[in-house]
Amino acid sequence: MARESSFKNMTLTLFVITFVSSAVLAGVYELTKDAIDAVRIRKINQGIAEVLPPFNNNPSDTDNVHKEFVDGDTVYVYKAITKERKDTVAAVQTFTNNGYGGKFVLLVGFLADGTINNIKVISHSETPGLGDKIDPAKHGFSLQFHGKNPETYKLAVSKEDGDVDAITASTISSKAFCDAVARAYAVYREKVMKKGKWDGNTGATSQQ
Amino acid sequence: MEYILIIIAAIFVNNVVLAQFLGICPFLGVSNKVTTSLGMGGAVVFVLTLSAIVTYLIQNFILTPLQIGYMQTLTFILVIAALVQMVEIILKKVSPALYQALGIFLPLITTNCAVLGIAILSIQKDYNLAQTTVFSLASGVGFALALILFAGLREQLDLTSEVPKQMKGYPIALIVAGLLAMAFMGFSGIVK
Amino acid sequence: MGRKHRRNVSTIIKNMLIMKEKIQIVLKGIFKENPTFVLILGMCPTLATTSSAINGLSMGLATSFVLMLSNLTISLVGKMIPDKVRIPSYIVIIAAFVTVVDLLMAGYLPDIHSTLGIFIPLIVVNCIVLARAESFAAKNGAADSIFDGLGIGLGFTLALTFLGFVRELLGAYSVFGYKLISGDGIILFILAPGAFFALAYLMILFNMVKKKLIKK
C-alpha cells in the first residue's frame with residue numbers, strides 16, 4: 001500500500017511535509033497576527049477603563065507603562081491622566097501567590113491620593129462557590145475596598161485586626177486578596193504618588 | 001522553599017492526572033496492575049523531565065529569538081517523538097534489563113498529553129531552567145503516584161468486590177478515579 | 001426516450017446509495033463507534049473542558065475541524081509517504097492544523113480560547129485524531145475520509161456538549177450560561193471529581209440505551 005522506505009525518500013518526505021506545514025503556519029500567523037494583537041491590547045485597555053475614572057491618554061502605551069519586579073513576579077503600572085481633574089492616576093496589575101488555588105492576578109485602579117477606585121479580577125484558580133467570590137461578578141466582597149485609602153484602611157482581614165470583612169469559609173482567599181492589593185498600593189505609592197510630578201503630569205499641569 | 005512549594009503543588013495540589021486531566025488515557029488504560037503501572041510511571045517521569053528540559057532550551061534559544069512562537073506545538077511534539085525514539089534506542093543498547101521493564105511503554109508516551117502539556121505549561125508559567133526541571137520532575141512523580149494508587153485500588157476491586165454488570169470496566173474505573181480525585185482535593189490549600 | 005429515462009433512474013438510485021453509504025459513515029461515528037463512550041479515546045479534553053456546555057461544544061468543534069482537515073490531507077497524500085516515517089508525518093500534519101485552529105481562535109474567539117487554554121494545542125496528542133488518520137484516512141478515499149472525520153467529530157462534540165450540559169446543570173444550576181435556579185449548585189460537579197462521576201454515569205446510560213436499541 002504505502003511506498004518502500006529508503007533513506008532518501010524518507011528524508012525527502014519528512015522535509016517536504018515539515019516545509020509545507022511551516023509555510024502554511026507562517027502564512028496563517030501573518031493573517032491572524034493583527035487580530036491577536038488587537039485582542040491583547042483591547043483586553044488591557046478595557047480593564048484599565050473599568051477600574052479608573054475617565055482619562056484622555058493611552059495608559060497601555062509603552063511610555064505610560066512601568067514594570068516593577070517584586071516577590072518573583074512583575075507588577076505593571078499603567079499611568080493615566082484623568083479627564084476632569086487632570087491628575088495622575090494609575091491602574092496597577094498586581095498578583096498574589098497566597099491564593100487557595102495558588103496565584104491570582106488583579107487590576108487595581110488608584111486615584112491621585114491613593115484611594116482605591118475599583119478592582120477587577122484578571123485571573124484566578126480559586127474554588128468555585130467559595131474562594132471565587134473574590135470576583136465582583138460572583139459576590140460583593142471586593143466592593144468594600146472601593147473608596148478606601150490604604151493609608152488609613154488596614155488591608156487585612158478583621159480576624160487579624162484589619163478592616164476587611166473576609167468571605168465566609170474563604171479566609172485564605174480573602175487574605176490573599178488583601179496581599180495583592182497591598183502589593184499594588186506599595187508600588188503605586190513608591191512609583192507614582194511619591195514621584196508625583198512624573199513627566200506626563202508636569203506636562204499636563206503646565207498646559208493649564 | 002520556592003522549589004518545595006513547586007514540588008508539593010505539582011504532586012498533590014495540582015496533580016497532573018487528578019486535577020489537570022493530563023495523561024488520562026494511560027491512566028485508565030494501563031493501570032490494571034501495580035507492577036505495570038510502576039514501569040509506566042518510571043518511564044513517564046524520565047521522558048517528561050527530559051522533554052521539558054529540551055523543549056525549554058528550544059523555546060528560549062530558538063523559537064523566541066527567531067520570533068516563531070507559533071511553531072511551538074509542531075516543534076515540541078516532534079522533539080518529544082524523537083526523544084522517545086532516542087531513549088528507546090539508547091536504553092536497548094545500554095541497559096537491556098531496564099529496556100525490558102520500560103520498553104513496551106515508551107511508544108505510548110509520545111501521545112501521553114501529560115508530556116506535551118507539562119512542556120507547554122512550564123513555558124506559560126515563565127519558569128527558568130531550574131524551576132522547569134523541578135516542576136516537570138514533580139509532575140512526573142505526581143503522575144506515577146496517581147497511576148500506582150489507582151492500580152492498587154483496581155486490583156483490590158477485581159479481587160474483592162462484586163461490581164454491578166452495567167458498571168463493569170470503564171464506569172467503575174472512572175468512579176474510583178473520581179473518589180481518588182476527591183481525596184486529592186483535600187490537599188488544596190496546603191500550599192497557602 | 002425510455003432508455004434515457006431508465007439511465008436517469010439508475011443514476012439517481014446509485015447516488016442515493018452513495019449518499020446512504022456516506023450517511024452511514026457519519027452515523028457510525030456518532031453512535032456505534034462513538035469516540036467517547038465506545039472507543040474511550042480523547043479522555044483528557046473530555047474531562048477537562050466540560051465544566052460547562054458551551055466549553056464542551058467549542059472543544060468538540062475545534063477537534064472536529066482538525067479531524068476533518070487532517071483526515072482529508074492524509075487520505076490525499078498518505079500513499080506517497082514511506083511506511084517508516086508514516087507516524088511522524090501524520091503528527092506534523094496534525095500539529096500544523098492544530099496550530100491553525102489555535103491562531104484563528106486566539107484572534108477571533110479570544111474568550112473561548114482563554115477558557116480552553118492549553119487543551120487547544122493538546123488536540124495534537126488527542127488519540128482520536130491520530131487513530132482516525134492511521135486506521136481510516138490512510139486506507140480510504142478523500143470523500144469517505146471527510147465524512148468519517150465529520151461523523152467521529154460530531155460524535156465527540158455531542159458527547160462533550162452533553163457531558164458539559166449535565167455538569168453545568170448540576171454544578172451551577174444553569175444551561176448554556178442561563179441560570180435556571182438561583183444558588184450555587186452542587187459545586188462538586190464543576191470540580192475535577194465531578195467530571196469523573198458524570199462521565200461514569202453517562203457511560204452507563206449510553207450502554208443501557210445501546211443495549212435496548214440492539215435488542216429491538
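Since we're looking at a predicted model, the values are computed, not measured. Below, chains carry the letters A, B, ... as their sequence lines are ordered, and counting in each starts from 1.
Heavy-atom distances place both the backbone and the side chain of C:Leu103 under 4.5 Å from chain A. Proximity to chain C is absent for every atom of A:Leu12, based on heavy atoms less than 4.5 angstrom apart. With a threshold of 4.5 angstrom between heavy atoms, C:Ser114 approaches chain A through side-chain atoms but not through N, CA, C or O.
Around atom CZ of C:Phe162, no more than 12 heavy atoms belonging to other residues, nucleotides or ligands sit under 6.0 Å away. Heavy-atom neighbours of C:Lys179 NZ from other residues, nucleotides or ligands within 6.0 Å: above the threshold of 12. The environment of C:Phe206 atom CZ is dense: over 12 non-hydrogen atoms of other residues, nucleotides or ligands sit within 6.0 angstrom. More than 12 heavy-atom neighbours from other residues, nucleotides or ligands sit within 6.0 angstrom of CZ on C:Phe197.
Nearest heavy atoms, C:Ala96 versus A:Leu25: O-CD2, 3.4 Å. Closest non-hydrogen pair, A:Lys43 versus C:Pro110, comes out as NZ-O, 4.4 Å. The two residues C:Ala106 and A:Val39 come nearest to each other via the heavy atoms O-CG2, 3.9 Å.
Taking CD1 of A:Ile17 as the reference point, atom CE of C:Met80 lies at 9.0 Å (rounded to 0.5 Å). Expressed to the nearest 0.5 Å, how far CG of A:Asn9 lies from NZ of C:Lys84 amounts to 10.5 Å. For the atom pair CG (A:Asp132) and CD1 (C:Ile190), the distance works out to 9.0 Å, reported to the nearest 0.5 Å. One distance of note links CG of C:Leu104 with OG1 of A:Thr32; it measures 6.5 Å at 0.5 Å rounding.
Contact tally against chain C (heavy-atom pairs below 4.5 Å) for A:Asp37, A:Val28, A:Val24: the top residue is A:Val28.
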